[in-house]
Amino acid sequence: MCLKYLVYKRALCGEVSLPFGFPQNRNAIFPRSHRTVNVCACAYFNSTMAASFGVCRLPMSGSGKFIKLCHGAVPQTQRRLATSTSALPSRTEKQASTAAKGSASFQAIQEERREQAERSVLISCPAKINENKFLDELTKHGTIDKHFFYNSYGTYAVVEFSSRESIASLKESTNIPAVQHEAAVPFKSRLLALKQTGSGSHPVPNFQDQSPPSINDLIKLLSEQDSIDEQLQCLTKALELSEENISLRFLVCSLLRDIAGAYFPECIIRPFGSTVNSFGKLGCDLDMFLDLDGIYASNQKTQGSGLSMEYQVKRGASERVVTQSILSVIGECVDKFGPGCVGVQKILQARCPLVRFAHQPSGFPCDLTANNRVAMKSSELLFLYGTLDPRVRQLVFSVRCWARVHAITSSIPGAWITNFSLTVMVLFFLQQRSPAILPTLDQLMELAGPSDKCVIEGNDCTIVSDVSKITMQNNTDTLLKLLQEFFEFYGNFPFKKSSINIRKGKEEIKPETSPLYIQNPFEITLNISKNVNATQLERFVVLCRESAWLLQQGEVLNRSSNQTADSVPAWGFAALLLPSVTSGAGVKSRRKKKLEPASSRIKNLLDSLKIKGGDTAAKKGSANLRR
Ligand code: GTP
Ligand code: MG
C-alpha cells in the first residue's frame, strides 16, 4: 500500500493533516482555501474521533445548525434538505416504503437511482451563486426534477434533469476552457464549472452538509435525549447517509461509467458496500464495481441459419488477469482524463484488485473493483437484514460508532476488525436473541422462490426476495437491553474455540486458528475477519466488558434531571463514547467514585480484565486515542 496515498486518504478523511513535504499533491487534492482538514474541537479526539466521524472531510457549514435541527421535532427530510432542494423522500421513508417490497426492490432502488444519476450533472459554482439565476440558466435545457447545493472544497450543485436530452443540450452549449501556459484534455464529462461575471446576488442557496457531526456535537446531542433508546435512534439519524449524499454517490459512479464506457459501452459502475447496504455513515468510502455482465449477456444471440458471428478478442491467462488489465486501463483513464479524480493508485495485486482514488468534487474516497458480484450480494443481504427491524440499523450504527471512536475499527487496512465484520457480528447477536430478532441466512434461502436462485462463482447466494414470506418473531427487547447484552455477549464469547456463522445462526467449532473467525456468508470456506490479530480481538473484548459494566452504573445509565440543556454531562450511550472508557485510568477513577454496586456478573467480568491483562490492552487503546 502506498504510504503517500494513505496519508492523502487519511487527510481526506480528516484523520491527519498532510505532513510537510507533500505540497504539490496536497494542492491538487485540497485547494488552498479549503485546506483546514482538522476541525475537531477536542484535541483528545483529534486522531481517532475525527477519523471515525470523517468530521473534517467536507467543511461543515456550522455545527450549531446541526444541533438545532436534530432536536427531534424536525423530521429528517426537513432536517437534511436545504430550501433549495426539491422534496425528496427521506432515506428512511423510502426504505420503509420499499421494505415491504423486499429484496427485489433492492435491485429496483439501485436501478432507479442509477437512472436518475444518468440524467444528472455536477456543477462547480461560484461561492456566491444566485440560485434563481442558476436555475433560469439550467432550465433553458429542460425541466429540472431535483437540485441541491453543497460545499466540498468549493461550491457544487447537483442538478437532475427530467430527461437525458437536457444533458445533451447543456453539453452542446458548454465550452472546453481556454487554459494559458497549460493544455486541457478535451474530455467532455458531466462535471461542469459555471463561471460568473460580476459579483453574486441574492438569493444565495442553502448548502447541504455532506459530513457527519463532530464527535463533540454528537455527544452533546445524545446527552440531550431522554432515554438511551432515543439516543441510539438519534445517533442513526445523525450519521446515516442523506438522500442527497446517496444521489451524489450514484452520480460519481455514473461519471466514472462515462470514462469506462468509452471502452465498454454496455458497462455499468455499481456502488456496493455501505453506500447501498443501509449501514452507510456520512463520510464513508464509495465502493464501486465495474459490471461487464451486460456485454456477456449479448452472447445468447443465435442466427437460426446455423451460422453465428463472434468477436475476435484478446485472451488472458485467467479471469483475474483479464480483470487486472481492464482495471489497469480504466485506472489510467481515470487518472489522466477523469476530472476531479486525484491520487489514483492501482492496487492490482490485492486479493480483489482495485483502483483507489479520491473524487475531489464530492470528497469521497473511492475504491473501484471489477468482477465483485459476491460483495454486491452481501450488500443486498445486509440491506435486507436492515429493513426487517428498525433496531437492526440502530444497533449497527451505534456499535460501529462506538468501535470507531475507540479505534477498534479504522479506515486504514490492518489487523483490526472491519465494519463489515462488526456488522455481521451484530446480525449474529440478533439471531441469538430469544425469540430471535433476525432469521438465519439458511432460513432466508429456504424461503427463496425459483426466480431468486443466484449462484456466483459456484457459491449459492440465493436469498428470498419477497420479504412478506419472512415471519418475524415477537421480540420486544429495548435498544438499551440489546446494547447491554451485545457487550456482554461478545465480552464472554468463546472466540478461542467458536466461529460466528450467520448462515446457521449458531456458534460452530472454528475450522482454523485465526483469533476471530466469522464465516463469509456466501463464500463459506472463507473467514471475513482473517486479518484480525489477537491483540485487536482482545481490545474489542476488553472494551465490550468495560462498556457492559458502565451500562450497569446508575451514574451512566440515568440522565441527571437537575441539569440545564447546556450543561448535561455525557450520559448513557454518549458516556460510552468518551475516551476514558477505554483507558485503564478511566476505569479506575470511575471505580473510586464508588458508583452503585455492579451485578456480580459484571464484577466478575471486571476481575477477569485484571487477570487477562486487560489493563495493558486498555492502555494501548487509550494511547491510540491520544495519537
Ligand atoms: P465502510 O467501512 O463504511 O466502508 O463499510 P463497508 O461495508 O462499505 O466496508 P468496506 O468498504 O470495507 O467493504 C465494502 C464491501 O465489500 C462490504 O460491505 C462487503 O460487502 C464487502 N467486503 C468487505 N470485506 C469483505 C470480506 O472480507 N469478505 C467479503 N466476502 N466481502 C467483504
Ligand atoms: Mg465501504
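When a ligand or atom number is given, it counts from 1 through the structure's own listing order. On a predicted model such as this, the values are computed, not experimentally measured, just so you know. Positions are given from 1 along the sequence.
- If you look at Ile528 next to ligand 1, the close heavy atoms, those under 4.0 Å, come from the backbone and the side chain alike.
- A parallel orientation is assigned to the rings of Tyr150 and Tyr156, their planes being inclined by less than 30° (bins at 30° and 60°).
- For ligand 1, the atoms lying closer than 4.0 Å to a non-hydrogen atom of Cys284 are 3 (O).
- Residue-ligand proximity: Val374 is placed with every non-hydrogen atom at 4.0 Å or more from ligand 1.
- For atom 20 (O) of ligand 1, the closest non-hydrogen atom on the protein side is Ala375 O, 3.3 Å.
- Ionic pairing of Arg373 and Glu457 is not present here: no N-O contact between side-chain nitrogen and carboxylate oxygen is shorter than 4.0 angstrom.
- Residue Asn520 has at least one heavy-atom neighbour below 4.0 Å for each of these atoms of ligand 1: 28 (N), 29 (C), 30 (N).
- Atoms of ligand 1 found under 4.0 Å from any heavy atom of Arg400 (numbered from 1 in listed order, with element): 1 (P), 3 (O), 5 (O).
- For CD of Glu319, the number of neighbouring non-hydrogen atoms (other residues, nucleotides, ligands) closer than 6.0 Å is 12 at most.
- Between atom 17 (C) of ligand 1 and the options Phe420, Phe279, Phe289, the minimum heavy-atom separation is to Phe420.
- Applying the side chain to side chain contact (heavy atoms under 4.5 Å, CB included) test between Phe272 and each of Thr369, Asn277, Asp291, Asp367 identifies Thr369 as the sole match.
- Remark: aromatic rings of Phe486 and Phe489 are distant, center separation not under 6.0 Å.
- Geometrically, ligand 1 and Arg351 share no nitrogen or oxygen pair separated by less than 3.5 Å.
- Close approach to Gly273 involves these atoms of ligand 1, each under 4.0 Å from a residue heavy atom: 8 (O), 14 (C), 15 (C), 18 (O).
- In this structure, the separation between CD on Gln536 and CD1 on Ile408 is 6.5 Å, given to the nearest 0.5 Å.
- Atoms of ligand 1 found under 4.0 Å from any heavy atom of Asp285 (numbered from 1 in listed order, with element): 4 (O), 11 (O).
- Taking the side chain as every heavy atom from C-beta outward, Phe383 and Thr387 approach each other to under 4.5 Å.
- Atoms of ligand 1 found under 4.0 Å from any heavy atom of Glu523, numbered from 1 in the order shown, are 30 (N).
- Remark: Arg257 CZ to Ile330 CD1 distance equals 10.5 Å, nearest 0.5 Å.
- Taking 4.0 Å as the cut-off between side-chain N and carboxylate O, Lys469 and Glu446 do not count as a salt-bridged pair.
- The shortest separation from a heavy atom of Asp287 to ligand 1 is under 4.0 Å, placing the residue in contact.
- No side-chain N or O of Asn216 forms a donor-acceptor pair with one of Ser214 less than 3.5 Å apart.
- Using cut-offs of 30° and 60° on the angle between ring planes, the pair Phe487 and Trp402 is tilted.
- Considering only heavy atoms from C-beta on, Phe495 comes within 4.5 Å of Leu537 through its side chain.
- Taking a cut-off of under 4.0 Å to the non-hydrogen atoms of Asn419, the atoms of ligand 1 that pass are 1 (P), 2 (O), 3 (O), 5 (O).
- Across all non-hydrogen atoms, the minimal contact from Gln210 to Ser242 is OE1-OG, 4.5 Å.
- In this structure, Glu508 does not pair ionically with Lys504, as no charged nitrogen and carboxylate oxygen lie closer than 4.0 Å.
- Within the 4.0 Å cut-off (strictly below), a protein heavy atom is located near atom 22 (N) of ligand 1.
- In terms of protein heavy-atom proximity, atom 1 (P) of ligand 1 is closest to Ser274 OG, 3.5 Å.
- Numbered from 1 in the order shown, with element, the atoms of ligand 1 that lie under 4.0 Å from a heavy atom of Ser378 read 20 (O).
- Atom 16 (O) of ligand 1 has as its closest protein heavy atom Phe272 CE1, 3.4 Å.
- In this model, no donor atom of one side chain and acceptor atom of the other lie less than 3.5 Å apart for Gln116 and Arg113.
- With distances taken over non-hydrogen atoms, the option nearest atom 7 (O) of ligand 1 out of Thr275, Asn372, Asn277 is Asn277.
- The number of protein N/O/S atoms found under 2.8 Å from the Mg ion (ligand 2) is 2.
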